[in-house]
Amino acid sequence: MRPFAYQRATDAPSAIQALAAAASANDALTQASVQPLAGGTTLIDLMKLDVIRPTTVVDINPLAASWSNVNIDGDNLRLGALARMSDVAARPEIQQNYPVIADALKLAASPQLRNMASLGGNVLQRTRCTYFRDVSYANCNKRTPGSGCAALEGFNRTHAVLGTSNQCIATYAGDLAQALIALDATIEITGRAGVRSLPFSELHKPPGDTPEIETVLSPGELISAFAIPGRWPRSLYLKVRDRQSYEFALASAAIALDVQDGTINDARIALGGVATVPWRAREAEALLKGQKLDDALAGRAAEAAFADAKAGKHNAFKIALGKRVISRALQQTAAMEI
Ligand SMILES: Cc1cc2nc3c(=O)[nH]c(=O)nc-3n(C[C@H](O)[C@H](O)[C@H](O)COP(=O)(O)OP(=O)(O)OC[C@H]3O[C@@H](n4cnc5c(N)ncnc54)[C@H](O)[C@@H]3O)c2cc1C
Ligand code: SF4
């Protein structure tokens, strides 16, 4: 691992100040400048692999006293960005009112990782594309802009079929983000100018021509919390992976339904493992509203979700798998006893 400066923030202003100072000394928050450190389960990994090369790491864990709370106020849930994945997944009020969040957290990574990892770090984790994580491959536009994309003609079994570009087809790897995007979460961002809010759906940027730019966060900004409107007891996260022990999704679906007398009033569908960013399947949702769910309708919704999918040489199976995941997840959600 390369040498780097370690700074421990004492509070939010000192974290923002340290990040901003290091960023301005390096022109921008690039892979060679400054990184906040939460649980470290992505950051330290990628530093050891020499993929991320910060000159300064700012430890934000001392902010946990104020940034790790979990509150339900009326019908609104607020999750602090430094809350640990395992702590949130274990909360009875989350399991009861937001099972899609509890499921997405429990099915992610391993118990040891979930004990360390924060919610903020989870949604900002990087892709698992082998060519990105192994610096012996020269061609990765995300790691080295303009160098090409080894995955386009390489082994792309785990890569994305939705939201791709001819510059990058890397899959967004996380699970929690699908639950958050499905529930119309907003994120609270703390930076030099104070606190601002943003729909979670606007946080991640599809690769387009600049796959190295993954989010809309500005230099020196931190995610401080997530806010989720409403309660969604009829919701779940279904994840299919190569093995049941800790593994990333090949295809997953976060589903939330509001059903009255068998009719779907509101439907939320988000997909993981198949897209370059957390993926909301709005065309599929539109088909479900005002309808009663049956096999045929679930199938049509699944078809709509993948209508624009584009497969590479090795990942066409994800389209068929993703459709089956949506159909099964819809049926399981509709059958939940609330
Ligand atoms: C073997 C293995 C298996 C895994 N399997 C899964 C899986 O199945 N599903 C899944 O979802 N994840 C999986 N993960 C990923 C894991 O969940 C993430 O590494 C973890 O959630 C990241 O959280 P962290 O707090 O450790 O983040 P860190 O590593 O500390 O940070 C990650 C990134 O976010 C930045 N950051 C952190 N907090 C903030 C903040 N508040 N504001 C702004 N920037 C911030 C950091 O600078 C860094 O760039 C796996 C990881 C491993 C190693
Ligand atoms: S898919 Fe993206 S991350 Fe993977 S090699 Fe291509 S540019 Fe790099």
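Start at 1 and go down the list; that is how both ligands and their atoms are numbered. These values consider heavy atoms only, across backbone and side chains, with no hydrogens, waters or symmetry-generated copies.
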query: Would you call Glu188 and Arg196 a salt bridge, taking side-chain N to carboxylate O under 4.0 Å as the test?
result: no

query: Of all the atoms in ligand 1, which lie at a distance below 4.0 Å from a heavy atom belonging to Gly174?
result: 11 (O)

Would you be so kind as to tabulate the donor-acceptor pairs closer than 3.5 Å made by side chains of residues 65-76, with sequence neighbours excluded?
unit_1 : atom_1 : unit_2 : atom_2 : d
Ser66  : OG     : Leu63  : O      : 3.3
Ser68  : OG     : Ala64  : O      : 2.5
Asp75  : OD1    : Arg231 : NE     : 2.9

message: I'd like to know if Glu247 contacts ligand 1, where contact means a heavy-atom distance under 4.0 Å to any ligand atom.
response: yes

field: Pairing of Arg143 and Glu212 as salt bridge, 4.0 angstrom limit
entry: no

Residues forming a ring-ring contact (aromatic ring centres under 6.0 Å, His included) with Phe248, sequence neighbours excluded: none

- request: Considering only non-hydrogen protein atoms, determine which one is nearest to atom 51 (C) of ligand 1 and report residue, atom name and distance to 0.1 Å.
  value: Leu113 CD1, 3.9 Å

message: Can you report which non-hydrogen protein atom sits closest to atom 34 (O) of ligand 1, along with the distance?
response: Leu124 CB, 3.5 Å

- prompt: Please state which protein non-hydrogen atom is closest to atom 37 (C) of ligand 1 and give its distance, to 0.1 Å?
  reply: Gly121 CA, 3.6 Å

query: Tell me: protein heavy atom nearest atom 24 (P) of ligand 1, and distance?
result: Gly39 N, 3.5 Å

- line: The protein N, O or S atoms lying under 2.8 Å from atom 6 (Fe) of ligand 2 are Cys149 SG

- request: Give every residue pair that meets the salt bridge (Lys or Arg N to Asp or Glu O under 4.0 Å) criterion with at least one member in residues 267-294, sequence neighbours excluded.
  value: Asp184-Arg268, Asp184-Arg280, Asp266-Arg268, Asp266-Lys289, Arg280-Glu285

